[in-house]
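Structure first, commentary second.
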2 protein chains.
Amino acid sequence: MISLHQLRCFLATLEHGSFTAAAGVLGYAQPSISEQVRLLEQGLDTTLFRRVGRGLVPTEAARALAPHAAAALAAVAEAGRAVASVRELLTGTVRFGMFRTARFYLTADLVADVLHQHPGVRLELVGQNSAEVLEHLRKGRLEAAVIALPVEDENMVVTPVLRDELVYVSADPSRLHARVTPAALAAAQLVLPDASWRETDTTRRQLAQAVQRTGHSLRPRIEVEDTETALDIAARGLADTVTWRGVLHALGDRLPAGLAWAPLRPAMYETFAVVHRQGELSPASRVVVDLVMARMRGLDRAMRAEPA
Amino acid sequence: MISLHQLRCFLATLEHGSFTAAAGVLGYAQPSISEQVRLLEQGLDTTLFRRVGRGLVPTEAARALAPHAAAALAAVAEAGRAVASVRELLTGTVRFGMFRTARFYLTADLVADVLHQHPGVRLELVGQNSAEVLEHLRKGRLEAAVIALPVEDENMVVTPVLRDELVYVSADPSRLHARVTPAALAAAQLVLPDASWRETDTTRRQLAQAVQRTGHSLRPRIEVEDTETALDIAARGLADTVTWRGVLHALGDRLPAGLAWAPLRPAMYETFAVVHRQGELSPASRVVVDLVMARMRGLDRAMRAEPA
DNA sequence: CGAAATCAAAGGTTTCTCCTGTGGAAGCCG
DNA sequence: CGGCTTCCACAGGAGAAACCTTTGATTTCG
């Protein structure tokens, strides 16, 4: 079978006109080059050089072979460069998983960071919900992600980076005067996000459990997918909603007008963590993981410092 | 160092999603594929597949590598086809040497034969003079040729194919009545071809020797390169010339008007032979050699049958 | 929980690669 | 023309690579 090494020896021989010269250039002994070219001739079932006197004369077949041999070697070299380019994070795609609401916490800033540090890379930030993302992680389709705890998988490395507090949001200030207890939640007319993931979503389950302990059940009047949609509906006074302080913090001025919020009593927290499989993390993911950690921890500090 | 085999294994693995499947397709055991991919990863200093559970997940680097790996394999396959195409005489260039005057004997017919049998090939018919062509043969720049004897080189295979007779050509019938002896040649006003090769040309040397034996020397009044030019000059009555009967035979109607010819006395002959180095002849040259032999021998028979 | 499938690792055999050393042929030059 | 150099071919042997079989560990699926 024909090999790259044979092609290299052949091209060097063709270029320099003799086995001896080719051997000198390639750093081998002359019989090695001679043998490789002979093997190539055998593999191609063709004479590539006429051995005439003490010299070599390339045949027509050699002239036909040369450009293709060069092309093959060039393709391999290019392959090496392409891989190196990915390895050095000059090109390629980085995929990172996140629960959908994470975009309030870091998407735009994270993208800015990555694009700035690595101008050539593509970035894919995928994921709807923490449970779905965790499944992708387990199947290997994602290397790393930021999701809400808990993560019960001993093969995963879990690094908590931000603790956020659930808050009750309403357009009606009167509903925020009293302590928002689980019983109050059960009685309220609510709009909740993550309609498609209500069975597995950790926040939903936390809320549901708290309400259930009062003997009631959590029956939101309205279900939507987006947190933003839920807030819009709340701003219209159609229902109240529950979200994370961090979302309000991140929205700032862009929070729909007329909304106010109050903490739950007892307080309920959600912890977000960067999660990845045990073992080596690719350089690309490492970069994104580090950036996410820095951003999220910065947010964590900012929110802890902020008055409630 | 990265090898084609590794690329093959890698692509099969990528395509079929597992080492086991790739091994099945390629006809190897699973650990062999596994090892080759590991070597490739080592050679590229990159992880190509994440080993997750019992499956493999290609990395970004693998996706970057794949097209270049395919390109390298394609180039090698193309190289094989290109060489085969030359070997099968579908494409490529066939070089064949001949003394210049051979074009009177066979060039157009030979080209027709080759192009008809091998529509894709290029044909190079090179050579000025038998001595020059022989030198090319010795240096390996030509594989085979048809030239005038003698060829004193034991490394060459010499196959005589045509014996031709030297004839005296003149526009003046009176000069053809007497026997054209060497002495007559010495006295004649001659135009001779092969000006550049007068030192080595075999016909010249034959003529010169014959004349010299009479105590004179051969001093042509005019020297030109082309036989056709010499004949044109002879037709204008400016000088007489000497050429081969085969040339007149081949020219037929196209012989310049007014020329007549007579044999030399004693007769002088020139023998043409197909000559090539000992050992294997490439299929391409073999084809041309065979065609030339057939054509030349046909001419030989035709001329021997023709009355002088 | 058992069965099937998959990758990884170990051990051993065969093949390939490459070297050194040698011989022979061809060209070069005094 | 004879010696010198240069080049290719060949042989033998050491080391590396390729490949196989067997085994083990893990995961998935019924």
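Everything quoted here is computed from the prediction, not taken from an experiment. First the proteins, then the strands, lettered A, B, ... as listed; each starts at 1.
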**OP:** Inspect the surroundings of CZ in B:R198 and state if more than 12 heavy atoms from other residues, nucleotides or ligands are less than 6.0 Å away.
**Re:**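 No.
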**OP:** Check whether more than 12 heavy atoms from other residues, nucleotides or ligands sit under 6.0 Å from atom CZ of B:R8, and answer yes or no.
**Re:**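 Counting other residues, nucleotides and ligands, CZ of B:R8 exceeds 12 neighbours.
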Any idea which of [options] is nearest the [X] side chain?
X     : options                : answer
B:P31 : D:dT22, D:dC10, D:dA18 : D:dT22
A:A29 : C:dT20, D:dC8, D:dC20  : C:dT20
B:R51 : C:dC7, D:dC8, D:dC19   : C:dC7
A:H5  : D:dC8, D:dA18, C:dT17  : C:dT17
A:T20 : D:dC8, D:dC19, C:dC7   : D:dC8
B:Y28 : C:dA8, C:dC18, D:dC20  : D:dC20

Subject >> Pair A:Y28 + A:H5: ring centers closer than 6.0 Å >> reply: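 Aromatic pair counts; centres sit under 6.0 Å.
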Tell me the interatomic distance from [X], atom [atom1], to [N], atom [atom2], rounded to whole angstroms.
X      : N      : atom1 : atom2 : result
A:L26  : C:dT17 : CG    : P     : 15 Å
A:K139 : D:dC29 : NZ    : C1'   : 12 Å
A:L56  : C:dA25 : CG    : P     : 17 Å
A:Q42  : C:dT17 : CD    : P     : 11 Å
B:Q30  : D:dT22 : CD    : C1'   : 12 Å
A:I33  : D:dC10 : CD1   : C1'   : 17 Å
A:R50  : D:dC8  : CZ    : C1'   : 16 Å
B:E35  : D:dA17 : CD    : P     : 10 Å

Tell me whether the side-chain N/O atoms of [X] come closer than 4.0 Å to OP1 or OP2 in [N].
X     : N      : result
B:S18 : C:dT6  : no
B:R38 : C:dA8  : no
A:S32 : C:dT17 : no

Original post:
In a check of side chain to side chain donor-acceptor pair (under 3.5 Å) between B:S196 and each of B:E132, B:E225, B:E223, which one passes?
Top reply: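 The option that passes is B:E225.
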Original post:
Start at the 5' end of DNA chain D and walk down; is the nucleotide closest to A:S34 or to B:C9 reached first?
Top reply: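 Looking at the nearest nucleotide for each, A:S34 comes out on the 5' side.
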**OP:** Classify the nucleic acid contact of A:Q36 as base, sugar-phosphate or nothing, counting any heavy atom under 4.0 Å across all strands shown.
**Re:**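 Here A:Q36 touches the backbone only, sparing every base.
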Original post:
Using 4.0 Å as the upper bound for N to carboxylate O, is an ion pair formed by B:D201 and B:R205?
Top reply: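 Answer for the salt bridge query: no.
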